[in-house]
Amino acid sequence: MSCKRVVVITGGASGIGKATALKFASKGDRVVVADVNEDGGNKTVEQIKVNGGEAIFVKTDVTMYDDVEALVEKTVDTFGSIHVMFNNAGIARPAPLLDQDLEHYHTVINVNQHGVAYGIIAAGRKMKELGINGVIINTSSVYGFFASRGTFSYHATKAAVIMMTKSAALELADYGIRVVAIAPGGVNTSIFQSSINSDVINENTLTNPEKIADIVYLISLEEASVINGSVIMADDGFSAFK
C-alpha cells in the first residue's frame, strides 16, 4: 500500500483525533483534519506541516450530513482520493438519567451516533464510486459494553456504534471496504477528564491518546485486512481483568 494514502479524521482538533492525525502524517499519509473547533483543527494541521507532513483542515459539523458529505468531497478534490475514514468525533455530557432533558439526549445522540453513521455513509459512497478498497474506523468505547451512572446517552451511542460497524462491514464488504470499531477504555483527554465515572473507570487507569492512535494506524494497514466488522478493545486490559 502506498505511503501516500489519504486519511480523514473527524474530531481531529484534540485528544484521540489529534494524536491520530499526527500519527498518520508521521507515516507519510496525507491527512484531512475535520472538527467544529476551527482554532484547534488548524493548530493540528500546523503541527503536521511543521514536521513536514501534508494536511488540510475542513470545518465540519458531523451532526449535518451535508457537512460530512462536503468533507469527503473536499478531501477528494484536494488529494484525489480517500483511503481511510476515522469517525472519531464525540462528546460526553454526563447527567443523571431522570434529570437530563431531551435536548441533552439528542445532542449526544446527534454527535456520537448520527455523526458516525453519516461518516460511514458518505465515505462508503465515495470509496465505492472511486473503486477504493478503503477502511472506515469508528470510535466506540468500553462504555458500549458496561453501564455506569450518569452517562445514559453516551452508553447508548457507543453501543450503537458497535452494531453500525458490524452492519456496515457486512454490506460494504461487497465493495472491498472494511469497517472496524475501536473501544478505548479511559483515555487522558479533556473530554474524558470531564466525565470520569469511578463506577467504571478511575483516573489512575487512563491511557495516553497516542497509544490509541497507534491502534487506529495498525487497523488501517493492508496487513490487518482480515480485521473486518470487529470491535478492537483498546482498553489496556480493562474489560478482561481490571
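The chain is numbered in sequence order, starting from 1. Only a predicted model underlies this, so the values are computations on that prediction, with no experimental measurement involved.
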Between Tyr217 and Thr20, is a side chain to side chain contact (heavy atoms under 4.5 Å, CB included) present by the stated rule, with each step listed? CA-CA 7 Å; Tyr217 181 76; Thr20 305; over 6 Å; no
Verdict with reasoning, Arg178 to Ile219, per side chain to side chain contact (heavy atoms under 4.5 Å, CB included): CA-CA 10 Å; Arg178 291 193 292 126; Ile219 292 169; 4.3 Å; yes
For Asp67 and Thr60, what are the C-alpha separation, side-chain angles and deciding distance, and is it a side-chain hydrogen bond (donor to acceptor under 3.5 Å, both in side chains)? CA-CA 6 Å; Asp67 260 30; Thr60 307; 5.5 Å; no
Run the side chain to side chain contact (heavy atoms under 4.5 Å, CB included) check on Val31 and Ile48 step by step: do they pass? CA-CA 9 Å; Val31 177; Ile48 288 171; 4.3 Å; yes
Let me see the working for Lys23 and Asp214 under salt bridge (Lys or Arg N to Asp or Glu O under 4.0 Å), right down to the final yes or no. CA-CA 7 Å; Lys23 176 69 178 185; Asp214 290 342; 3.1 Å; yes
The test is side chain to side chain contact (heavy atoms under 4.5 Å, CB included); show your working for Ser81 and Ile132 and say whether it passes. CA-CA 8 Å; Ser81 193; Ile132 294 170; 2.9 Å; yes
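Pairing each heavy atom of Val84 with each of Met127, the nearest pair is N-CE, 4.2 Å. Here the closest heavy-atom approach between residue Leu218 and residue Ala224 is recorded as O-CB, 3.4 Å. Summarising the geometry of Gly124 relative to Leu172, their closest heavy-atom pair is CA-CD1, 4.4 Å, with the distance given to 0.1 Å. Between Ile136 and Ala123, the shortest heavy-atom distance links the atoms CD1-CB, 4.3 Å. Smallest separation of non-hydrogen atoms from Ala169 and Gly229: CB-CA, 3.4 Å.
Here Phe238 and Phe146 bring their ring centres to under 6.0 angstrom of each other.
Side-chain polar atoms of Thr207 and Asp236 form no donor-acceptor pair below 3.5 angstrom. Side-chain contact annotation: Ser220 with Arg5, donor-acceptor N/O pair under 3.5 Å present. Defined by atom type and a distance below 3.5 Å, a donor-acceptor pair is present between the side-chain atoms of Thr139 and Asn88.
Salt bridge absent: Lys126 and Glu69 never bring a charged side-chain N and a carboxylate O closer than 4.0 Å. Of the charged side-chain nitrogens involved, none lies within less than 4.0 Å of a carboxylate oxygen, so that Glu54 and Lys49 do not count as a salt-bridged pair.
For Asp35 (side chain) and Ala13 (main-chain N/O), a donor-acceptor pair under 3.5 Å exists by modelled atom type. No donor-acceptor pair closer than 3.5 Å links the side chain of His114 to the backbone N or O of Thr63. When atom types are taken as modelled, the side chain of Thr10 and the backbone of Ala89 share a donor-acceptor pair closer than 3.5 angstrom. Judged purely by atom type and a 3.5 angstrom limit, His104 uses its side chain to pair as donor or acceptor with the backbone of Arg93. Formation of a donor-acceptor pair under 3.5 Å by the Asn37 side chain with backbone atoms of Gly41 is not found in this model. Distance alone, capped at 3.5 Å, is enough to place a donor-acceptor pair between the Asn228 side chain and the Val179 backbone. Listed for the Thr44 side chain is a donor-acceptor partner under 3.5 Å among the backbone atoms of Gly40.
Hydrophobic clustering (side-chain heavy atoms under 4.5 Å, transitive across Ile, Leu, Val, Met, Phe, Trp, Tyr) groups Leu221 together with Phe24. Tyr118 and Val36 fall into different hydrophobic clusters, where Ile, Leu, Val, Met, Phe, Trp and Tyr side chains are chained together by heavy-atom contacts under 4.5 Å. Hydrophobic cluster membership differs between Met163 and Ile120, with clusters built from Ile, Leu, Val, Met, Phe, Trp and Tyr side chains linked at under 4.5 angstrom. If you chain together hydrophobic residues whose side chains sit under 4.5 Å apart, Val62 and Met64 never meet in one group.
Open room surrounds OH on Tyr175; 12 or fewer heavy atoms of other groups in view lie less than 6.0 Å from it.
Atom CD1 of Ile82 is separated from atom CD of Glu73 by 9.5 Å, given to the nearest 0.5 angstrom. Rounding to the nearest 0.5 Å places OH of Tyr154 at 4.5 Å from OG of Ser141. The line from CG of Asn110 to CD of Glu103 is 10.5 Å long, rounded to the nearest 0.5 Å. Thr107 OG1 to Gln100 CD: the interatomic distance, rounded to the nearest 0.5 Å, is 10.0 Å. One distance of note links CD1 of Ile215 with CD of Glu210; it measures 13.0 Å at 0.5 Å rounding. With rounding to the nearest 0.5 angstrom, the CD1 atom of Ile137 is 9.5 Å from the CG atom of Asn87.
When side chains are defined from C-beta on, Ile9 does not count as touching Val32, because their heavy atoms never get closer than 4.5 Å. Ile16 has its side chain within reach of Phe86: a pair of non-hydrogen atoms, C-beta onward, lies under 4.5 Å apart. Residues Val72 and Val8 are not in side-chain contact: their nearest non-hydrogen atoms beyond the backbone lie 4.5 Å or more apart. A 4.5 Å side-chain heavy-atom check between Ile56 and Phe79 finds at least one atom pair inside the cut-off. Looking only at side-chain heavy atoms (C-beta outward), Ile227 and Ser230 come within less than 4.5 Å of each other. Side-chain contact check for Gln113 versus Val161: every heavy-atom pair is 4.5 Å or farther apart. In this structure, His106 and Leu102 have side chains that are in contact, with non-hydrogen atoms separated by less than 4.5 Å. For the pair Val6/Thr75, a side-chain contact is recorded, criterion being any heavy-atom separation below 4.5 Å from C-beta on.
Leu170 belongs to no hydrophobic cluster with other residues, because no ILVMFWY side-chain heavy atom falls under 4.5 Å from its own, directly or through intermediates. Through direct or relayed side-chain contacts under 4.5 Å between Ile, Leu, Val, Met, Phe, Trp and Tyr, Phe152 connects to Leu97, Leu98, Tyr105, Ile109.
For Thr157, the side-chain hydrogen bond (donor to acceptor under 3.5 Å, both in side chains) partners two or more places apart in sequence, or in a different chain, are Asn112. Partners of Ala117 by side-chain contact (heavy atoms from CB on, under 4.5 Å), not counting sequence neighbours, listed by chain and number: Met164. Partners of Lys59 under the salt bridge (charged side-chain N to carboxylate O under 4.0 Å, His left out) rule, at least two apart in sequence or in another chain, are Glu38. Qualifying side-chain hydrogen bond (donor to acceptor under 3.5 Å, both in side chains) partners for Asn51, counting only residues two or more places apart in sequence or in other chains: none.
Cation-pi contact between Lys158 and Tyr143: absent, since separation from the ring centre below 6.0 Å together with deviation from the ring axis within 45° is not met.
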